[in-house]
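Worksheet: the structure to be examined is printed underneath.
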Protein chains: 2
Amino acid sequence: MLRVMVVDDQALVRRGFALILDNEPDIEVAAEAATGIEAIKAACAHQPDIILMDIRMPEMDGLEATARILEASDATCRVIILTTFDPDEYVFRALRAGASGFVLKDIPPESLVEAVRTVAEGGAMLAPGITQRLISQFAQKMEAGRNLSERLERLTTREREVLEAIAAGKSNAEIAEALFIGPATVKTHVSSLLSKLGLRDRAQAVVFAYECGLATVGERNVGF
Amino acid sequence: MLRVMVVDDQALVRRGFALILDNEPDIEVAAEAATGIEAIKAACAHQPDIILMDIRMPEMDGLEATARILEASDATCRVIILTTFDPDEYVFRALRAGASGFVLKDIPPESLVEAVRTVAEGGAMLAPGITQRLISQFAQKMEAGRNLSERLERLTTREREVLEAIAAGKSNAEIAEALFIGPATVKTHVSSLLSKLGLRDRAQAVVFAYECGLATVGERNVGF
DNA sequence: GAACATCTCCACCTTTTGGGGGAGATGTGA
DNA sequence: TCACATCTCCCCCAAAAGGTGGAGATGTTC
């Protein structure tokens with residue numbers, strides 16, 4: 001039995017969702033809340049499997065409440081944001097807060113039920129338009145490096161290694177140490193790769209490495 | 001009327017999908033193809049609205065065919081990848097090729113129909129697990145900059161501007177010109193921001209800018 | 001008004017970087 | 001074998017970068 005909590009400041013909406021869900025044999029509405037603060041308390045008290053969360057609420061909005069609930073170490077529940085609007089800002093904040101779903105209130109009832117089941121099974125459910133935008137963003141990042149990657153292929157293996165080290169913020173001396181070669185050799189490689197790539201200095205080289213995908217945000221190879 | 005094309009090398013599977021779709025009043029199967037090559041020709045000849053594309057096929061796989069079809073300048077159709085497996089490599093290649101959907105063959109028939117309608121309306125449809133992974137990747141990138149963004153706030157407005165310029169690969173002289181200040185002033189700002197952020201040189205500053213989200217891949221503010 | 005932050009600039013100095021040119025060792029392929 | 005690419009290292013030199021300390025001109029805040 002899936003235990004669901006519904007959070008919305010409008011009692012009418014809240015009851016409506018609750019009725020739809022309670023109508024399903026394998027779903028029960030275990031709790032309701034009208035504000036973010038209430039939601040946090042209720043989540044703690046009733047330990048639901050799934051939380052349907054509105055964004056616009058008095059006291060504390062749904063995104064903040066979602067973040068608070070999910071960052072609790074023993075949190076096992078999953079959150080679906082259920083709202084009327086879908087500006088990018090909300091979506092990003094929701095995903096960062098850890099939401100597993102972001103659906104609009106204009107979906108048909110059966111889709112809401114489907115979303116709850118999907119998320120309960122470990123999947124994620126986004127409104128189609130949001131999925132579309134997420135994909136676009138993703139594809140754009142991947143596409144960015146295409147032309148630049150071709151230039152990358154003109155480098156020798158060693159030069160690429162040096163470029164990677166540069167992109168990790170290393171100085172020539174540190175690169176020499178890391179690659180077990182002399183500092184003079186590093187300088188040779190640096191000069192060579194800069195001229196091959198048409199770059200002026202190592203700062204541009206770092207930019208290039210990120211833009212073409214050689215370096216990626218969040219890798220944490222960085223020494224600071 | 002939505003005109004759909006089904007591409008799969010197994011005739012039985014292909015006919016099965018076609019029958020499911022033809023059963024809907026607003027959908028008709030306008031063409032079928034058994035290989036990537038055939039798919040490209042058929043797409044050109046029949047101009048379907050939606051293409052359901054298998055990946056594993058002889059002659060040319062579905063991802064390659066998708067890319068070819070969508071990169072045609074007059075391409076108006078949208079592609080849903082329909083496969084048995086979902087390794088990350090396939091998903092990324094599919095999204096990069098421009099697919100609007102990626103669903104697994106084990107979904108219920110009504111979900112397939114729903115996916116077709118969703119994509120036809122301009123949305124996107126991914127298998128729940130894939131959506132989940134896409135979100136995770138996204139959240140990870142966003143999360144990366146959290147700690148670093150706090151350090152960013154210790155900078156003054158001017159210092160942040162200089163940092164942005166550094167992250168665009170500009171030299172001190174170029175920054176001076178861009179901000180209408182003297183080169184000496186730029187050096188002051190650079191020294192100051194490096195020490196505030198605990199960085200050693202401008203190369204590390206570029207890394208920092210990317211890691212904390214001040215600079216983003218694909219912005220193309222870069223001068224090379 | 002005094003303390004403070006910010007932005008602007010200067011001089012002096014050291015270190016790092018990048019360019020030019022050269023050279024030996026190795027391996028690969030024509 | 002000979003040409004070619006690659007990796008290694010050297011020297012010299014000029015330019016850029018970074019550190020230190022100082023200073024005047026604004027504001028803002030208490």
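Per chain, numbering begins at 1; letters A, B, ... match sequence-line order.
- Between A:S171 and C:dT16 there is no side-chain polar atom (N or O) within less than 4.0 angstrom of OP1 or OP2.
- Whole-Å rounding puts the A:L163 CG to C:dG18 P distance at 12 Å.
- In this model, the phosphate group of C:dT6 is not approached by any side-chain N or O of B:T157 to a distance below 4.0 Å at OP1 or OP2.
- A straight line from CG of A:L179 to P of D:dT8 spans 8 Å, rounded to a whole angstrom.
- Counting all heavy atoms, side chain and backbone alike, B:Q204 lies closest to A:G169 at NE2-O, 3.1 Å.
- Each of B:L104, B:I51, B:V103 was scored for a side-chain contact (heavy atoms from CB on, under 4.5 Å) with B:L82, with one residue passing: B:V103.
- Base engagement by A:T185 is indicated by at least one non-hydrogen atom pair under 4.0 Å involving a base atom.
- As judged by a 4.0 angstrom heavy-atom cut-off over every strand, B:S195 is placed among residues making no nucleic acid contact.
- Residue B:F180 is the one, among B:F180 and B:D201, whose nearest nucleotide of DNA chain C lies closer to the 5' end (criterion: closest heavy atom).
- Position along DNA chain C of the nearest nucleotide to B:T156 versus B:P183 favours B:T156 as the more 5'-ward residue.
- Regarding A:R200, its CZ atom lies at a distance of 16 Å from the C1' atom of C:dT16, rounded to whole Å.
- Atom CD1 of B:I175 is separated from atom P of D:dG18 by 9 Å (rounded to the nearest Å).
- In this structure, A:E64 and A:R93 approach most closely via the heavy-atom pair N-NH2, 4.3 Å.
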Next on the checklist: Run A:D54 and A:Q10 through side chain to side chain contact (heavy atoms under 4.5 Å, CB included) and show every step you take.
Outcome noted: CA-CA 10 Å; A:D54 189 25; A:Q10 294 179 286; 5.6 Å; no
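- Regarding contacts with the backbone of C:dC9, every side-chain N or O of B:H189 stays at 4.0 angstrom or more from both OP1 and OP2.
- At least one side-chain nitrogen or oxygen of B:R202 sits closer than 4.0 Å to the OP1 or OP2 atom of D:dG18.
- Ranked by how close their nearest DNA chain D nucleotide is to the 5' end, A:R154 and A:A184 are led by A:R154.
- The shortest distance between the side-chain N/O atoms of A:N172 and the OP1/OP2 oxygens of C:dT17 is below 4.0 Å.
- For A:L194 and C:dT17, the CG to P distance is 11 Å, given to the nearest whole Å.
- Taking CZ of B:R15 as the start and CG of B:D8 as the end, the distance is 12.5 Å to the nearest 0.5 Å.
- Phosphate proximity of D:dT8 to A:R158: present, with a side-chain N or O under 4.0 Å from OP1 or OP2.
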